[in-house]
Colleague: 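Quick one: the structure is below, and I'll ask about it shortly.
When a residue number appears, it is its place in the shown sequence, counting from 1. Computed from a prediction, not measured in an experiment: that's the story for all the values here.
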Amino acid sequence: MTTAELRTAVRRGADCTPKDHLLGIRLGRAKELLAATELPVAAVARRVGHDDPPYFSRLFTRRAGTAPVRFRAQQSRTVPGGWSTQVPTPTIHP
């Protein structure tokens, strides 16, 4: 497949450029890691293919609308699937 064919195929399938598609995949994975782990933002950046953590943070903020640290803080208040992190105290009726 030529570069032009790849670009056309990605545009048809993902409605964006290959670069934007790859960036979306990387940022999606970064969101998963930020929400599910305690890895430092720099480690998350490296795991998703960004060797420059400050650049990753700026890019993440621009694309996600919030800084990686704030994104993590917001995610820690919610649990995927709507489950609570707190175990309710059983009510005993006399």
Colleague: Looking at residues at least two apart in the chain, or sitting in another chain, which of them share a side-chain contact (heavy atoms from CB on, under 4.5 Å) with T61?
Modeller: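 side-chain contact (heavy atoms from CB on, under 4.5 Å) list for T61, sorted by chain: A67, P68.
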Colleague: Sequence neighbours left out, what passes side-chain hydrogen bond (donor to acceptor under 3.5 Å, both in side chains) with E5? Give chain and number order.
Modeller: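 Counting only residues at least two positions away or on another chain, E5 forms a side-chain hydrogen bond (donor to acceptor under 3.5 Å, both in side chains) with T2.
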Colleague: Give the other cluster members for F56, using side-chain heavy-atom distances under 4.5 Å between Ile, Leu, Val, Met, Phe, Trp and Tyr residues; answer none if it is isolated.
Modeller: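 Traced through the cluster, F56 reaches L23, L27, L33, L34, L39, V41, V44, V48, Y55, L59, F60, V69, F71.
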Colleague: For the side chain of R46 and the backbone of D52, is there at least one donor-acceptor N/O pair under 3.5 Å apart?
Modeller: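 Not at all, since once roles are kept as given, no pair shorter than 3.5 Å links the two residues.
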Colleague: In chain order, what residues pass the side-chain hydrogen bond (donor to acceptor under 3.5 Å, both in side chains) check against R58, with sequence neighbours excluded?
Modeller: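 For R58 there are no side-chain hydrogen bond (donor to acceptor under 3.5 Å, both in side chains) partners, ignoring immediate neighbours.
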Colleague: Give the minimum heavy-atom separation between E38 and R72, together with the two atoms involved.
Modeller: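 Heavy atoms only, the tightest pair is C-NH2, 3.9 Å.
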Colleague: State, with a plain yes or no, whether a side-chain heavy atom of R11 is found less than 4.5 Å away from one of C16.
Modeller: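 No, side chains not in contact.
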Colleague: Looking at residues at least two apart in the chain, or sitting in another chain, which of them share a side-chain hydrogen bond (donor to acceptor under 3.5 Å, both in side chains) with R29?
Modeller: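 Residues passing side-chain hydrogen bond (donor to acceptor under 3.5 Å, both in side chains) with R29: E32.
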Colleague: Taking salt bridge (Lys or Arg N to Asp or Glu O under 4.0 Å) as the test, write out the residues that go with D20, two or more places apart.
Modeller: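 Checked D20 against salt bridge (Lys or Arg N to Asp or Glu O under 4.0 Å); matches are R63.
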Colleague: Got a sec, which residues hit salt bridge (Lys or Arg N to Asp or Glu O under 4.0 Å) with R47, two or more places apart in sequence or on another chain?
Modeller: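 Checked R47 against salt bridge (Lys or Arg N to Asp or Glu O under 4.0 Å); zero matches.
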Colleague: Apart from M1 itself, which Ile, Leu, Val, Met, Phe, Trp or Tyr residues share its cluster (side-chain heavy atoms under 4.5 Å, direct or through members)?
Modeller: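 Members other than M1 - counting any ILVMFWY side chain reachable under 4.5 Å - are L6, V10.
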